[in-house]
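Working notes, beginning with the structure itself.
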Amino acid sequence: MKPILVPHSQYQDVVLRQLQEGNVFLIRKDWPLAAIFWMTDLSPVTDFLQDAYSTRGPLPRDPASMLRSYLLFLMTCPQVGLTEWINVMKRTPIYAILSGFPLDDLPGVGTFYDFLARFWNGSTPHWRPKRQPKRKRKTKRGKKGEKAPTATPGRIKRLVQWILSHPEKNPVLPSDRLFDFFQTQFLSTSASLGLLGDISALTTAGDGTPLVTSVYPRSKPTCDCRARGILVCNHPRLYSQPDCDSGWDSARERYFNGYHLYMISAADSPHDLPLYPRLQSASQHDGVSLVLSTTEFQQRFTLGTVDKMLLDAAHDTEAIYKLLDTHHIEPFIDLNPRGTKNTATGSEVKISPTGIPLCPKGNEMRPNGFDKSQNRRKWRCSPACGCSSAKYGLTYHTFSRDNLRMFPKTLRGSEKWKLIYKRRTSVERSNKREKIDYKLESGRHLSTMMWYNRIYGIMICQHMHAWYLSQKEEWDLLKTVFRPFLA
């Protein structure tokens with residue numbers, strides 16, 4: 001059967017009634033949870049998932065209560081599994097009450113998995129089929145402190161060229177239903193509260209992080225070669241996690257098995273709020289993940305316009321500058337030094353590896369303003385240098401259209417650049433919140449579907465917690481409603 005909408009006001013009445021009848025009290029630590037779920041209306045999820053339910057069968061559990069309980073699980077006990085969460089609710093009645101469940105009628109673990117599967121818009125819980133060719137080798141490791149290079153040179157450039165030549169391509173992703181719900185119910189609220197920055201000219205940051213799912217890749221043979229005494233063969237195998245492989249973790253300097261999670265966050269958010277996640281195989285390079293993630297996010301984000309994107313030196317390739325400029329996004333990317341040779345310009349002036357013009361004597365020229373009418377930056381060498389007979393000194397102009405990487409619209413290293421670029425680390429803080437505070441890697445899931453549910457659930461928790469912090473004084477006035485039940 002289709003689920004029946006339970007209004008949020010009815011949920012609030014049930015909470016108060018069960019607190020009174022069950023003789024249950026709220027301790028100080030539980031107050032933020034009570035305030036967050038008391039003020040957050042999750043009932044729209046019932047209408048949102050209507051098409052995911054059949055018209056036949058028994059009456060399902062209230063979707064809002066199921067989602068509320070899953071979010072409460074991620075906020076309180078993310079290090080345990082859903083099976084243990086059922087036991088936690090039995091031992092701690094306040095969690096069952098805040099979820100909206102009767103104390104004598106808690107759902108089973110299978111009910112949670114059935115509910116979460118309704119957010120997945122795919123026929124299988126994985127991106128790829130389980131039957132795959134045998135994986136022969138690990139990805140190439142990077143240098144000390146550096147991320148692993150792309151597996152094939154020129155891959156990012158070819159990918160960008162293909163995307164720009166096929167602007168009409170917008171494939172439906174199995175995770176689209178999750179993002180649609182996340183955008184309409186949570187991103188929109190955060191935007192209205194001003195927690196994402198200027199939504200009409202949004203500044204975003206992107207970065208990848210390893211997501212470890214298992215110690216070793218698990219697979220089974222599809223042949224009987226070993227039974228026939230053949231110990232080494234190249235027949236396909238059945239992988240339990242077909243979307244995962246082995247990658248190089250540059251921070252810990254070791255190989256890992258799992259996913260490469262690429263996250264786009266709101267750089268101007270005071271709470272470092274996430275916007276869009278994308279799971280790739282562990283061997284995927286940050287540059288490739290950025291190209292795919294940015295394109296998908298641009299096609300799906302409807303709340304505003306992305307104006308700037310802040311990225312680290314792993315994204316420093318001309319193809320990425322071209323892609324972002326085509327999307328009318330100003331890139332702020334730290335230079336990745338590739339050599340020490342200066343670039344000739346056809347005149348006496350040369351360009352240093354950092355994009356600064358050098359006078360004939362080899363001295364760095366200084367910026368001397370930007371000509372908006374010609375869309376060019378002016379550089380000047382002091383007359384005291386003696387490299388030119390001109391009274392004003394030698395001048396030189398650079399154009400962003402000639403090389404957007406070397407000559408960005410905002411001068412690299414300027415005060416304006418530093419002020420904007422220092423917010424790039426917001427995405428790293430957001431990833432830290434997901435991996436450390438919310439124990440993302442404790443999921444112990446096999447399917448990409450469940451990993452996406454866990455990631456989006458954690459992102460929702462981050463936004464809900466930001467709502468509480470931004471309105472703490474107002475929400476704390478609710479203690480008058482719960483005063484009889486506060487310990």
Verdict with supporting geometry, Leu310 and Thr204, side-chain contact (heavy atoms from CB on, under 4.5 Å): CA-CA 6 Å; Leu310 318 182; Thr204 60; over 6 Å; no
Step-by-step side-chain contact (heavy atoms from CB on, under 4.5 Å) determination, Ser281 to Tyr259: CA-CA 5 Å; Ser281 54; Tyr259 296 97; over 6 Å; no
Worked check of side-chain contact (heavy atoms from CB on, under 4.5 Å) between Ser442 and Arg454: CA-CA 10 Å; Ser442 298; Arg454 187 175 180 88; 4.0 Å; yes
Steps toward side-chain contact (heavy atoms from CB on, under 4.5 Å) verdict (Lys322, Leu164): CA-CA 9 Å; Lys322 182 179 180 181; Leu164 295 181; 3.9 Å; yes
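The side-chain tip of Arg218 does not point at the ring of Tyr239 from less than 6.0 angstrom away and within 45° of straight on. Taking the centre and axis of the six-membered ring of Tyr421, the NZ or CZ atom of Arg412 falls outside the cone set by 45° and 6.0 Å.
Glu364 and Ser352 share no side-chain donor-acceptor pair at under 3.5 Å. With hydrogens and angles left out, the side-chain atoms of Ser188 and Gln183 include no donor and acceptor closer than 3.5 Å. The closest side-chain donor-acceptor pair between Ser293 and Arg278, if any, does not fall under 3.5 angstrom. Side-chain contact, Asn453 with Trp120: no donor N or O sits under 3.5 Å from an acceptor N or O. The closest side-chain donor-acceptor pair between Asp325 and His328, if any, does not fall under 3.5 angstrom. Side-chain contact, Ser283 with Asp245: a donor N or O sits under 3.5 Å from an acceptor N or O.
Other residues, nucleotides and ligands place more than 12 heavy atoms under 6.0 Å from the NZ atom of Lys134. Within a 6.0 Å sphere centred on NZ of Lys435, other residues, nucleotides and ligands contribute more than 12 heavy atoms. Residue Arg429 places its CZ atom among more than 12 non-hydrogen atoms of other residues, nucleotides or ligands, all under 6.0 Å distant. Counted within 6.0 Å of CD on Gln50, heavy atoms from surrounding residues, nucleotides or ligands total more than 12; the atom is thus considered enclosed.
Between Trp248 and Phe256, the closest side-chain pair of non-hydrogen atoms is not below 4.5 Å. Using a 4.5 Å cut-off on side-chain heavy atoms (C-beta onward), Tyr11 and Ser43 make no contact. Residues Gln280 and Val288 form no side-chain contact, since every pair of their non-hydrogen atoms from C-beta on lies 4.5 Å or further apart. Put simply, the side chain of Met39 does not reach to within 4.5 Å of the side chain of Tyr468, judged on heavy atoms. For the pair Thr213/Leu446, no side-chain contact is recorded, criterion being any heavy-atom separation below 4.5 Å from C-beta on. A 4.5 Å side-chain heavy-atom check between Asp371 and Lys378 finds every atom pair outside the cut-off.
Evaluation of the salt bridge (charged side-chain N to carboxylate O under 4.0 Å, His left out) test over residues 176-191, restricted to residues two or more places apart or in two chains, returns Asp176-Arg300.
In this structure, Phe179 has its ring center under 6.0 Å from that of Tyr276. Aromatic pair Trp451/Tyr456: ring centres not closer than 6.0 Å.
Exactly one of Arg433, Arg424, Arg423 qualifies for a salt bridge (charged side-chain N to carboxylate O under 4.0 Å, His left out) with Asp272. That residue is Arg423.
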